[in-house]
Visitor: 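A single structure is presented below for examination.
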Amino acid sequence: MALIEIEHLSKHFKLLNRREGLKGAFLDLFSGNYRTVKAVDDISFSIDEGEIVGYIGPNGAGKSTTIKMMTGILQPTEGKILINGIEPYSNRISNARRMGVVFGQRTQLWWDLPVIESFKILKEIYAVDDQTYRQQMALFEDLIGLKKLYPVQVRTMSLGQRMLCDIAASFLHQPKVVFLDEPTIGLDVSVKARIRDVIRELNRTQNITIILTTHDLGDIEALCQRIIIIDKGKLLFDGPVQRVNQLFGVYRTFKAQIFDYNDTTLDRLKALVQDRFADPDAVHVEENENFWTDIIINQEKAPLREVLNLVMSKFELEDIRIVEISMENVVQKIYDGALL
Amino acid sequence: MRAYLATTRGSFLAYLAYRSGFIFSILNNLVYITIAFFLWRSIFQGQETLRGLTFDQTFLYITLASSLMVTLKTWTDWEISHQIVSGSIIMSLVKPVKFQWLMMSQSVGFSVMNFLTVVVPSVLFLVFVFQVPFYSGIGLLFLPLALVFSFVLNTTIDYMIGLTSFYTESIWGISATKDIIILFLSGSLIPLQFFPDWAQQTLKLLPFQAMYHLPLMMLIEPEQPVMTYVMSLGVQLFWVAALLALARLFYNRAIRVLRVAGG
């Protein structure tokens, strides 16, 4: 049996339609005008023990809502979740004993105390026996050099140090499953790499199932064998990461800030690239804010060099940047049928 | 149980991290004691007893009430409200512990620290500077338990006030109202004996007097029949049970707002 089974899971929220202005805000006090938002809409999947699964989607896709249901905080509107054979939302505490959680924007560590105190408190909260505790702490020493951080007050730590400690803390009690929500958010490249190594090692040595939500496709590439993509509450894709990798690996976004940008610039640019590359998937032009233009290039169909030369021959560019495709674009490509 | 003890220890240590704050808490309380001394001395001017209390008893009641108030001030309501508004309550809810017990055990840590840093120096100040006589008697034996009940009553009320922010988000108004109500109706500002008779009768039906008035009476009148103290503890125990039950019901309702409506 799979470790986590999710069947036809839905979560609907009722939100108050807020009105504008002072008068509107006052009227809202008495208003019963609600709309229903389907944050999660009929999702099913199952996850086996020891897997690292990337759970991704754009902002507001319903990732956090699903995680909150799996951690037992939210009650599903419909459908059910079984983790280790129990329903987390009806057995919050017994589910919590076998789970670890890292929410990248928050911390479970005691802010004002040296970090070792947090580990001691967590040892008691999860009733970890002395031997396991020593063994886990030795492991964390190997992986992240935790010892020299013992006396450091959490609030004086750098974000990277804190995140490493938070991740270690979530593995202390050898949970069955760990939820990592945006563990690399706001970190620089070298720290991200370190965090990925640590997560991979913890998964490998302890066979702990990891569910990772992230905006960083690099995290997915480095860690996951399988990804689940959701958008607007619906499941878009569930399968091996290689398939998606093939998809987003060939794309680059060429961001350009065009000199003397005006109303016709975008149309002229679109016409220019369409002349050369007829296939709409080869090059796609999109307006971005602050006079930036995004030119999304499929390198298999349109060599990056050619597109650069073409654009620069006709437009004066103030600034350029070439980046990997964003999560939003991956989702858009999937909508457009790229994986079918 | 270990989980909650560890939490208490943690909050005790966290409070220690802000050591410079103690000095102001102590000063604050000492200034209050000094003002109370002159205020009540002028109220008593020339009279041996007022409403059956001597000046010494009244002064002791008032100053220990204020020290007790400092001890019980653990900001549980604000902590819960902060967690709810900022969303960090999820970090508490993903732990295998009961939320109410978690909040209470943090509160214990703060209270113990408050007691050591404010009440102990205040009592020394009372004894050595104001030369207040402490009374001895059988009532003192009942005092520790009475203070534990006071603590539970106080944090349970704070806890429930904190939970209201599931509905209201801000608790500034409601928490300030609670503070004022407790201040007046519990005897912590003015001994209940100084209220008109009808008010005293009414206040006996409310939980607030069980927080301050009952334990303080054990301290200033420790030579009553044992039954008096047993009765006092009984009243406190009744309110502890009633408020804990209410808090539980309230939590189950309030958490539904989060679990169903989301955070």
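Protein chains get the first letters and strands the later ones, always in sequence-line order, with residue 1 at the start of each.
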Visitor: I255(B), T7(B), V94(B): which one forms the most heavy-atom pairs within less than 4.5 Å of chain A?
Guide: V94(B)
Visitor: With only heavy atoms counted, which part of R97(A) is less than 4.5 Å from chain B, the side chain, the backbone, both or neither?
Guide: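 Backbone plus side chain of R97(A), per the 4.5 Å heavy-atom cut-off to chain B.
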Visitor: I need the residue from Y89(A), F103(A), W111(A) with the largest number of non-hydrogen atom pairs under 4.5 Å to chain B.
Guide: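 Top count of heavy-atom pairs under 4.5 Å with chain B: F103(A).
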Visitor: Side-chain donor-acceptor pair under 3.5 Å between Q131(A) and Q135(A), yes or no?
Guide: no
Visitor: Picking from T77(A), I93(A), T107(A), which has the most non-hydrogen pairs under 4.5 angstrom with chain B?
Guide: I93(A)
Visitor: Side chain from CB out, backbone as N, CA, C, O: work out which of these in L113(A) comes under 4.5 Å of a heavy atom of chain B, or both, or neither.
Guide: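 The answer is the side chain of L113(A).
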Visitor: Centre-to-centre under 6.0 Å for Y55(A) and F45(A), is that the case here?
Guide: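 Yes - the distance between ring centres of Y55(A) and F45(A) falls below the 6.0 Å cut-off.
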Visitor: Out of L122(A), N95(A), I125(A), which one racks up the most heavy-atom pairs below 4.5 Å with chain B?
Guide: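 So the answer, after comparing L122(A), N95(A), I125(A), is I125(A).
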Visitor: Using heavy-atom distances under 4.5 Å, tell me whether Q153(A) contacts chain B through its side chain, its backbone, both, or neither.
Guide: side chain
Visitor: Once you round to the nearest 0.5 Å, how far does CD of E182(A) lie from NZ of K63(A)?
Guide: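 With rounding to 0.5 Å, CD (E182(A)) is 6.0 Å from NZ (K63(A)).
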Visitor: What do you reckon, is CZ of F115(B) surrounded by more than 12 foreign heavy atoms closer than 6.0 Å?
Guide: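 Counting neighbours around CZ of F115(B), 12 or fewer heavy atoms of other residues, nucleotides or ligands fall under 6.0 Å, so no.
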Visitor: Checking side-chain polar atoms at under 3.5 Å, does S66(B) have a donor or acceptor matched by the opposite partner on N29(B)?
Guide: yes
Visitor: For residues D181(A) and T213(A), is any side-chain donor paired with an opposing acceptor at under 3.5 Å?
Guide: yes
Visitor: Relative to chain B, which segment of V128(A) carries a heavy atom at a distance below 4.5 Å: side chain, backbone, both, or neither?
Guide: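 Contact with chain B: backbone only.
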